[in-house]
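Right, one structure below, let's go through it.
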Amino acid sequence: MSITSDTSLEEIAALVSEALSTANIDGVLGGGGAVTLYSQNEYMSSDLDFITSEQNRKIAPVVEKLGFVPRGRDYAHPNSKYFIEFPAGPLAFGDRYIDSNEATTLQTQYGAVRIITPTQCVMDRIAWYAHGNDRQSRDQAILVATQQHIDWEQVFDWAEDDGIDSNLVSEIQEEARR
């Protein structure tokens with residue numbers, strides 16, 4: 001399958017995820033790409049962050065076969081506005097490390113995507129908001145929570161362990177219910 005200017009972020013996510021899996025590379029989609037998939041495109045990321053502990057020398061040939069070329073710390077495709085990045089693992093939300101086996105696989109119309117769970121996605125966005133004062137991440141947490149089932153008990157436990165004010169989590173939970 002060749003990537004064109006019409007290839008969606010979801011389709012690229014599936015292509016990259018399946019290519020990584022075929023190469024035995026454990027890469028899990030997180031960040032804004034996960035928000036895009038879980039919010040049904042209400043938020044549109046321009047990149048896909050596949051968190052992995054694998055070295056770039058093993059990743060590069062896999063994504064280059066898909067037509068992506070190195071561009072600094074990320075990979076761009078000449079026919080696509082989307083780019084891919086490979087933040088160093090392990091998976092973490094704030095100070096909590098998550099085994100990649102705790103992620104999930106999302107079946108899309110284009111194929112399987114290894115991705116953080118919706119609950120982990122909300123935790124990730126809350127962490128970016130609480131520790132980086134990134135208002136957009138707060139809004140993204142609400143978007144995901146309005147469209148996906150979230151284990152709020154897990155989010156509150158995580159927030160307490162991470163030193164995040166439970167009132168912040170309550171506000172996000174309340175806004176997601178509206």
Side-chain angles (χ1 to χ4, degrees), residues 3 7-39 41 43-77 80-106 108 111-141 143-144 148 154-155 158-159 161-164:
I3 295 173
T7 306
S8 70
L9 182 131
E10 180 179 347
E11 191 170 0
I12 292 174
L15 288 169
V16 172
S17 188
E18 289 184 344
L20 293 173
S21 179
T22 299
N24 293 316
I25 296 173
D26 186 20
V28 177
L29 181 63
V35 174
T36 297
L37 295 185
Y38 285 137
S39 72
N41 300 325
Y43 168 79
M44 281 304 301
S45 181
S46 59
D47 72 326
L48 294 160
D49 296 316
F50 284 92
I51 299 93
T52 181
S53 295
E54 194 57 67
Q55 294 182 354
N56 193 50
R57 64 180 166 77
K58 189 171 178 186
I59 295 168
V62 173
V63 296
E64 287 171 1
K65 284 181 186 173
L66 298 173
F68 286 90
V69 294
R71 184 186 70 182
R73 293 182 5 203
D74 58 36
Y75 292 83
H77 194 285
S80 178
K81 63 184 174 186
Y82 305 114
F83 59 97
I84 50 178
E85 294 183 89
F86 296 93
L91 280 172
F93 308 109
D95 290 333
R96 182 179 288 178
Y97 290 96
I98 306 289
D99 188 289
S100 65
N101 292 327
E102 294 179 48
T104 191
T105 300
L106 179 65
T108 74
V113 177
R114 287 276 297 138
I115 187 171
I116 58 178
T117 67
T119 298
Q120 292 165 345
C121 187
V122 168
M123 292 185 324
D124 178 56
R125 300 292 87 186
I126 290 173
W128 278 101
Y129 176 64
H131 299 304
N133 203 25
D134 181 3
R135 175 67 186 203
Q136 181 176 311
S137 290
R138 181 184 186 280
D139 296 341
Q140 292 168 7
L143 269 177
V144 171
Q148 303 294 324
Q154 183 180 358
V155 175
W158 160 80
D161 291 346
D162 209 58
I164 295 172

Measure the spacing between CD1 of I51 and CD1 of I116 and express it to the nearest 0.5 Å.
-> 6.5 Å
So I126 and I164, side chain to side chain contact (heavy atoms under 4.5 Å, CB included) or not? Walk me through it.
-> CA-CA 9 Å; I126 290 173; I164 295 172; 4.2 Å; yes
Has the side chain of S21 got a donor or acceptor atom that lies under 3.5 Å from a matching backbone atom of S17?
-> no
Applying ring pair (Phe, Tyr, Trp, His ring centres under 6.0 Å), name anything that partners F68, two or more places apart in sequence or on another chain.
-> H77
Just jot down the side chain to side chain donor-acceptor pair (under 3.5 Å) partners of D95, sequence neighbours excluded, or say none.
-> none
Taking E85 for the side chain and R73 for the main chain, is one N or O donor matched with an acceptor at less than 3.5 Å?
-> no
By ring pair (Phe, Tyr, Trp, His ring centres under 6.0 Å) - contacts of F86 (at least two apart) | Y75
Exercise: identify the closest heavy-atom pair between V122 and A141 | CG2-O, 3.8 Å
Atom pair CG (L37) and OG1 (T108), whose distance is rounded to the nearest 0.5 Å = 7.5 Å
Nearest 0.5 Å, what's the CG-CH2 distance between D124 and W158?
-> 8.0 Å
More than 12 heavy atoms from other groups under 6.0 Å of NZ on K58 = yes
Distance (rounded to the nearest 0.5 Å) between K81 NZ and L9 CG | 9.0 Å
Counting only N and O atoms by type, is there a donor-acceptor contact under 3.5 Å from the side chain of R114 to the main-chain atoms of S100?
-> yes
Identify the heavy atoms of D26 and T52 that sit nearest to each other, and give their distance.
-> O-OG1, 2.9 Å
Going by distance alone, is a donor N or O of one side chain under 3.5 Å from an acceptor N or O of the other, for Q140 and Y129?
-> no
Is there a side-chain contact between R125 and D139, using heavy atoms and a 4.5 Å cut-off?
-> no
Report the distance from atom CG of L48 to atom OG of S80, rounding to the nearest 0.5 Å.
-> 8.5 Å
Minimum-distance pair of heavy atoms, taken over all atoms of V144 and P118 | CG1-O, 4.0 Å
What's the spacing between L143 CG and S137 OG if we round to 0.5 Å?
-> 11.5 Å
Identify the two heavy atoms, one from Q120 and one from I98, that lie closest to each other, and give their separation to 0.1 Å.
-> NE2-CG2, 3.5 Å
So, the side chain of T36 versus the backbone of S45: is there a donor-acceptor pair under 3.5 Å, distance only?
-> yes
pair D99-L91: side-chain heavy atoms closer than 4.5 Å | no
Is a side-chain N or O of Q148 found less than 3.5 angstrom from the main chain of Y38, in a donor-acceptor match?
-> yes
Where the side chain of T117 meets the backbone of T104, is there a donor-acceptor pair that is under 3.5 Å apart?
-> no
Over all heavy atoms of both residues, which pair between L29 and A13 is shortest? Give the atoms and the distance, please.
-> CD2-CB, 4.2 Å
